Amino acid sequence: MSVPRHAASQLRRELAQHHDGSTFTPDRILTTLHAVLDEPETAVALLAEVWPAVPPDVEQDWIRRTSDVGTHLLTVLPTSQLLATTFRRAARTMRAHGHLRLAAIHGMRELAIHRQRDDDPDATAASLHDLAETCRAQGRMHKVIGCADETLETYLLHGYRPGVARTLAHLACASGSRRSRPRVRCARVLDPALKPTPSPSLRSPSGADSQGALADTVISPWRYINKSQASAANHL
C-alpha cells in the first residue's frame, strides 16, 4: 500500500468513528485528499467520511476547495454509487448548516450520477426527494414540484407501478394540502373502488402499447380530484 493510500485509509477510519467532528482537521483532510486524487476510488472513500464530520463553523474557503475535489472526482467516476452517496452526505451537511446553495449543488451532482446510471428508479427517486428537501428549505416550491414530476417520469419510463402509485399519492397530497379536505382527496387518488374505465389498450397491453397503457392507468385517477389538479398530469 502506498503512503498516501495508507494515510487516507487511516484518516477515513478516524472520521468514520468520530462523526461528531472531534477528529476534524481541515488542513490534514485536504492534503490527504489531494494526495490520492490519482487513486479516485480511494479519494471517494475518504470524501464519503469527510462530509458528515464537517462542523458548522468550518471556513467557507475550505468548503469550496473540498467541493472542488468532488467536482473533479465526478469527471473521473461519473457513475460511482459511492460518489453519489458522498454527494448526498455533503448535501445533508450543507443543508443542516444553512448553506442551501451548496446543498443544492451537491444534490444535483448526486442526481447526475443516478441519471447517468439509469439502473435503479428508486435510487433516482430518493435523490430527487433529498434535492426537493433543499428546494423546500430555499422556498423554491416550483422546484419541489419539479422534483416530484421527474420522479413520476422516472417510474413511468421504468414501468415501475408501485413507484408511480406512491408518487401520484404524494403529488395529490401536496396539491390537496392547500385546499379543503386534503385527506379525502389523497385517499381518492388511488382508491380501487373508483374503478376508472380502462382504455382498450389496457385490456391487452403488448409491445409499444404497454407503456401507454401504464401511463393511462396511473394518470386517470387525477380525474377524480378536480380539474385544476388534473391539468398538472395532462402533459404526461
Side-chain angles (χ1 to χ4, degrees), residues 15 19 21 24 26 29-30 33 37 40 43-158 163 166-168 170-171 173-175 177-178 232 235-236:
L15 290 168
H19 276 176
F24 190 83
I29 289 172
L30 267 179
L33 280 170
L37 284 181
V44 170
L46 174 56
L47 192 58
E49 300 300 337
V50 168
W51 285 114
V54 174
D57 58 350
V58 70
E59 294 183 0
Q60 289 292 307
D61 182 64
W62 184 92
I63 293 177
R64 179 187 59 78
R65 293 171 64 190
T66 306
S67 296
D68 288 345
V69 172
T71 302
H72 168 75
L73 292 172
L74 183 58
T75 64
V76 180
L77 300 171
T79 59
S80 168
Q81 183 63 56
L82 182 56
L83 185 55
T85 299
T86 300
F87 288 140
R88 171 81 62 87
R89 293 177 177 181
R92 289 182 172 177
T93 296
M94 293 297 96
R95 190 164 64 237
H97 295 345
H99 304 308
L100 298 181
R101 185 183 68 83
L102 287 172
I105 289 173
H106 284 95
M108 287 300 300
R109 289 173 179 172
E110 181 199 358
L111 180 58
I113 291 177
H114 291 300
R115 283 171 172 167
Q116 181 76 10
R117 292 173 62 94
D118 195 28
D119 61 349
D120 185 348
D122 278 339
T124 303
S127 175
L128 286 161
H129 178 76
D130 194 76
L131 179 59
E133 288 299 307
T134 298
C135 295
R136 183 175 289 106
Q138 292 176 307
R140 304 171 71 189
M141 298 310 295
H142 64 291
K143 294 291 185 181
V144 175
I145 297 300
C147 288
D149 184 66
E150 183 172 344
T151 299
L152 180 59
E153 179 182 6
T154 298
Y155 281 131
L156 281 170
L157 291 174
H158 282 267
R166 290 196 304 269
T167 307
L168 275 174
H170 171 74
L171 282 166
C173 289
S175 181
S177 65
R178 294 188 294 273
H235 72 284
L236 297 173

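None of these values were measured; they are calculated from a predicted model.
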Item checked: Pair Arg166-Asp122, side-chain contact (heavy atoms from CB on, under 4.5 Å): steps then yes or no -> CA-CA 11 Å; Arg166 290 196 304 269; Asp122 278 339; 3.2 Å; yes

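Electrostatic pairing of Asp68 and Arg65 does not count as a salt bridge here, judged by no charged N lying under 4.0 Å from a carboxylate O. In this structure, Arg92 does not pair ionically with Glu133, as no charged nitrogen and carboxylate oxygen lie closer than 4.0 Å. Electrostatic pairing of Asp130 and Arg89 does not count as a salt bridge here, judged by no charged N lying under 4.0 Å from a carboxylate O.
Minimum interatomic distance between Ala45 and Leu82 (heavy atoms only, all atoms of both residues): CA-CD2, 3.8 Å. Of all heavy-atom pairs between Thr86 and Val44, the closest is OG1-O, 3.8 Å. Taking both residues in full, the closest heavy atoms of Ile113 and Ala84 are given as CD1-N, 3.5 Å, listed atom of the first, atom of the second, then distance. Closest approach of Arg117 and Thr79 over heavy atoms only: NH1-O, 2.7 Å. For the residue pair Ala125 and Thr151, the shortest heavy atom distance occurs at CB-CG2, 3.7 Å. Closest non-hydrogen pair, Leu77 versus Leu83, comes out as O-CD2, 3.6 Å.
With hydrogens and angles disregarded, a donor-acceptor distance shorter than 3.5 Å links the side chain of Thr75 to the backbone of His72. Not one N or O on the side chain of Thr154 forms a donor-acceptor pair closer than 3.5 Å with the backbone of Pro121. With hydrogens and angles disregarded, no donor-acceptor distance shorter than 3.5 Å links the side chain of Arg140 to the backbone of Cys135. No donor-acceptor pair closer than 3.5 Å links the side chain of His106 to the backbone N or O of Gly70. Looking only at distances, no side-chain donor or acceptor of Ser127 sits under 3.5 Å from a matching main-chain atom of Ala123. Side chain of Trp62 to main chain of Pro26: a donor-acceptor pair is present (N/O by atom type, distance under 3.5 Å, no hydrogens or angles). Judged by distance alone, with hydrogens and angles left aside, the side-chain atoms of Arg109 form no donor-acceptor pair with the main-chain N or O of Phe87 at under 3.5 Å.
With a 4.5 Å cut-off on side-chain heavy atoms, Lys143 and Leu131 do not count as touching. For the pair Trp51 and Thr66, the minimum side-chain heavy-atom distance is below 4.5 Å.
To the nearest 0.5 Å, atoms CG (Leu102) and OG1 (Thr93) are separated by 11.5 Å. Here CG of Asp119 is found 9.0 Å from NE2 of His114. Values are rounded to the nearest 0.5 Å. Rounding to the nearest 0.5 Å places OG of Ser80 at 9.5 Å from CG of Leu74. Separating the CG atom in Asp61 from the CZ atom in Arg64 is a distance of 4.5 Å, to the nearest 0.5 Å. Arg95 contributes atom CZ, which lies 16.0 Å from atom CZ of Arg101 (distance to the nearest 0.5 angstrom). Taking CD1 of Ile29 as the reference point, atom CG of Leu15 lies at 5.0 Å (rounded to 0.5 Å).
Asp118 and His158 are linked by a side-chain donor-acceptor pair at a separation below 3.5 angstrom, with hydrogens and angles left out of the test.
The environment of NE2 in His129 is sparse: at most 12 heavy-atom neighbours from other residues, nucleotides or ligands sit within 6.0 Å.
When Glu150, Glu110, Glu153 are each tested for a salt bridge (charged side-chain N to carboxylate O under 4.0 Å, His left out) with Arg115, only one passes: Glu150.
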